Protein chains: 2
Amino acid sequence: MLQILVSSIIISKTNLQLLKYESRKDEIIQTSAILFKKKGFSAVTMRDIAKAMGIKAASLYNHISSKQEILSNIIISLAEEFTSGMEGILVANESNIIKLNKIINLHVDITTNNQFGMASLNNDWMHLDDKLEYYLKLRRDYEDNFRTIINEGINEQELIDSNPDVMLFSILSTLRSLYIWIPSKEDLIPETLASNLSSVLLNGIIK
Amino acid sequence: MLQILVSSIIISKTNLQLLKYESRKDEIIQTSAILFKKKGFSAVTMRDIAKAMGIKAASLYNHISSKQEILSNIIISLAEEFTSGMEGILVANESNIIKLNKIINLHVDITTNNQFGMASLNNDWMHLDDKLEYYLKLRRDYEDNFRTIINEGINEQELIDSNPDVMLFSILSTLRSLYIWIPSKEDLIPETLASNLSSVLLNGIIK
DNA sequence: GTCTATAAATCGATAGAC
DNA sequence: GTCTATCGATTTATAGAC
């Protein structure tokens with residue numbers, strides 16, 4: 001009877017861990033992302049990562065092959081998430097303003113679910129090795145698609161005829177900085193945040 | 001005659017260098033800022049800095065006492081520039097919208113003149129040692145003053161009655177990211193850039 | 001003011017026991 | 001799958017010659 005009880009507790013704990021991390025490698029990546037956000041990729045050591053997990057640094061290499069592989073996993077998966085999100089927005093037959101709103105929602109959603117990884121995507125991409133060129137292409141394509149939506153919005157007189165580059169970088173800078181202050185705004189539900197952001201970014205703040 | 005000519009060339013070159021760097025220490029700081037922007041503080045070594053100046057790493061220590069002192073010089077001087085700029089804006093007897101426009105101009109001006117240092121201010125402040133608390137206080141005070149201007153603008157019905165934190169962080173995120181794309185927009189003169197930014201940030205982009 | 005040489009600590013990563 | 005032990009390279013910083 002005791003054995004059955006203990007056994008069920010162990011299973012329960014295992015299931016809880018499976019809910020949080022789908023593998024030991026995944027745990028390394030998520031733990032690293034937290035540390036990378038705090039100090040940046042270069043200032044975090046393999047010993048730091050191991051200590052945060054309660055193991056020794058050498059043990060990490062049984063699950064990943066290098067520190068570089070951790071960074072690459074964090075950044076590329078997020079960059080591809082933005083790329084696939086943008087592709088869905090582009091093909092829809094909607095106004096450019098609705099497309100801009102969907103981009104805002106895309107950033108809020110991804111950042112809400114990956115507040116730590118977003119720091120690496122923004123600040124540590126230059127430390128990518130093999131995957132640097134691939135990352136740069138994804139980012140360039142994303143910005144080009146974003147710029148196209150703005151330019152078409154101007155052409156179809158949905159948006160004001162102001163400098164499209166200033167519009168692009170103003171909106172994109174705000175969306176890329178979301179990871180810094182979303183954690184402190186946990187009272188705001190993502191839908192409300194996206195709605196407020198949309199209002200401020202698209203309509204301005206002057207009465 | 002030849003000696004006089006050569007001498008005048010040397011003096012002329014010395015004057016040119018004095019125009020660029022006011023001391024060897026200043027040259028170290030400015031050179032470091034360029035490298036810090038490219039790779040971040042932690043990934044830049046004293047050898048990197050020395051190599052960029054054409055000397056050996058040990059020679060740096062005749063002018064500065066530590067790598068930390070370089071970072072501290074870059075960040076604190078910029079943070080104090082923002083603080084003193086904000087104080088001038090606060091005391092003026094003007095509308096809150098004019099104050100917001102002056103803040104935008106403050107960021108454009110400082111960033112135009114310190115595009116490299118602004119990267120450290122944004123991304124490497126957590127590596128400050130002794131000066132970390134002082135930096136955090138300057139930043140906290142700056143954001144509080146910014147928030148006060150927005151709140152008073154709402155109270156006096158100059159601004160829409162939307163979430164003031166979303167307004168603050170939307171504008172501030174864009175202004176803090178200026179260092180990333182001002183270098184590639186060298187065709188835009190600072191006054192035009194500030195004017196376009198003001199239009200987009202305050203009035204929005206929808207027609 | 002710059003150099004060579006080097007100290008002392010720490011880095012990413014590997015070998016091999018268990 | 002985690003450990004101890006360690007390698008070889010690299011780090012910041014110092015000592016002392018010139």
Side-chain angles (χ1 to χ4, degrees), chain A residues 10-11 13-14 16-18 20-36 38-75 120 124 126-132, chain B residues 10 13-14 17-18 20-36 38-75 120 124 126-132:
Chain A
I10 290 172
I11 291 171
K13 195 190 169 206
T14 304
L16 274 174
Q17 287 182 335
L18 284 178
K20 193 166 183 188
Y21 306 115
E22 57 184 46
S23 67
R24 200 75 164 139
K25 176 174 177 176
D26 182 52
E27 183 181 358
I28 292 173
I29 292 170
Q30 290 197 43
T31 304
S32 300
I34 295 175
L35 300 177
F36 291 171
K38 228 178 291 189
K39 305 202 296 176
F41 172 75
S42 301
V44 174
T45 70
M46 297 301 279
R47 287 166 177 83
D48 290 334
I49 300 167
K51 195 167 197 173
M53 291 178 61
I55 59 177
K56 297 292 175 182
S59 306
L60 295 171
Y61 291 89
N62 210 60
H63 307 280
I64 48 99
S65 65
S66 66
K67 192 185 173 190
Q68 177 67 211
E69 188 190 344
I70 301 176
L71 181 68
S72 173
N73 261 277
I74 295 173
I75 292 182
S120 295
D124 289 323
M126 70 284 282
H127 298 117
L128 284 174
D129 216 47
D130 299 343
K131 300 287 179 62
L132 177 59
Chain B
I10 289 172
K13 195 191 168 204
T14 305
Q17 286 182 334
L18 285 178
K20 197 167 182 190
Y21 305 115
E22 56 184 48
S23 67
R24 201 75 163 137
K25 176 174 177 176
D26 183 52
E27 182 180 0
I28 292 173
I29 292 170
Q30 290 197 43
T31 305
S32 299
I34 296 175
L35 300 177
F36 290 169
K38 228 177 290 186
K39 304 201 298 174
F41 172 75
S42 302
V44 174
T45 69
M46 297 301 278
R47 285 172 179 79
D48 291 334
I49 298 167
K51 195 167 198 173
M53 291 178 60
I55 59 177
K56 297 292 176 182
S59 306
L60 296 171
Y61 291 88
N62 210 62
H63 307 281
I64 48 102
S65 66
S66 66
K67 191 185 173 190
Q68 176 67 209
E69 187 190 346
I70 301 176
L71 181 68
S72 174
N73 261 278
I74 295 172
I75 293 182
S120 295
D124 289 323
M126 70 284 282
H127 299 116
L128 284 174
D129 216 45
D130 298 345
K131 300 286 180 63
L132 177 58

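Computed from a prediction, not measured in an experiment: that's the story for all the values here. Residue numbers start from 1 in every chain, and the chains themselves are labelled A, B, ... in the order their sequence lines are given, proteins ahead of strands. Note that these values count all heavy atoms, side chains included, but never hydrogens, waters or copies made by symmetry.
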Taking atom types as modelled, is there a side-chain donor on B:Ser65 or B:Glu69 under 3.5 Å from an acceptor on the other? yes
Interatomic distance, CD1@B:Ile29 vs CG@B:Leu71, rounded to 0.5 Å, equals 10.5 Å
Polar pairs (N or O, both sides) under 3.5 Å between protein and nucleotides 2-4 of chain D?
from	atom 1	to	atom 2	distance (Å)
D:dT2	OP1	A:Arg24	NE	2.9
D:dT2	OP1	A:Arg24	NH2	2.8
D:dT2	OP2	A:His63	NE2	2.8
D:dC3	OP2	A:Lys56	N	2.5
D:dC3	OP2	A:Ser59	OG	3.0

Rounded to whole Å, the NZ-P distance (B:Lys25 to C:dG1) equals 13 Å
Would you say the side-chain atoms of A:His127 pair up with the backbone N or O of A:Ser42, donor to acceptor, closer than 3.5 Å? no
In whole angstroms, the gap separating P of C:dC11 from CZ of A:Phe41 amounts to 13 Å
Rounded to whole Å, NZ of B:Lys67 lies from C1' of D:dA13 at a distance of 12 Å
Rounded to the nearest 0.5 Å, the CD1 atom of B:Ile70 sits from the OG atom of B:Ser72 at a distance of 10.5 Å
ask   = Any donor-acceptor pair under 3.5 Å linking the side chain of B:Ser59 with the backbone of B:Ile55?
value = no
Atom CE of B:Met46 and atom P of C:dT4 are separated, to the nearest Å, by 17 Å
Restricting to nitrogen or oxygen on both sides, can you table the protein-nucleotides 6-9 of chain C pairs closer than 3.5 Å?
none

Here the distance between atom C1' of C:dG12 and atom CD1 of A:Ile49, to the nearest Å, is 11 Å
From CD of A:Glu27 across to P of D:dG1 the rounded distance in Å is 12 Å
Scanning both residues in full, the closest heavy-atom pair of B:Met126 with A:Lys39 reads CG-CA, 4.4 Å
Rounded to whole Å, CG of A:Asp129 lies from C1' of C:dA13 at a distance of 15 Å
Sorted by chain and number, sequence neighbours left out, side chain to side chain donor-acceptor pair (under 3.5 Å) with B:Asp48 holds for B:Thr45
* Asked: On the ring face of A:Tyr61, is A:Lys67 found with NZ or CZ under 6.0 Å from the centre and within 45° of the axis?
  -> no
Separation of C:dC11 atom P from A:Gln68 atom CD, nearest Å, is 18 Å
### Task
Report the C-alpha distance between A:Glu27 and A:Glu22 in whole Å, list the side-chain angles of each, state the deciding distance to 0.1 Å, and finish with yes or no for side chain to side chain contact (heavy atoms under 4.5 Å, CB included).
CA-CA 8 Å; A:Glu27 183 181 358; A:Glu22 57 184 46; over 6 Å; no
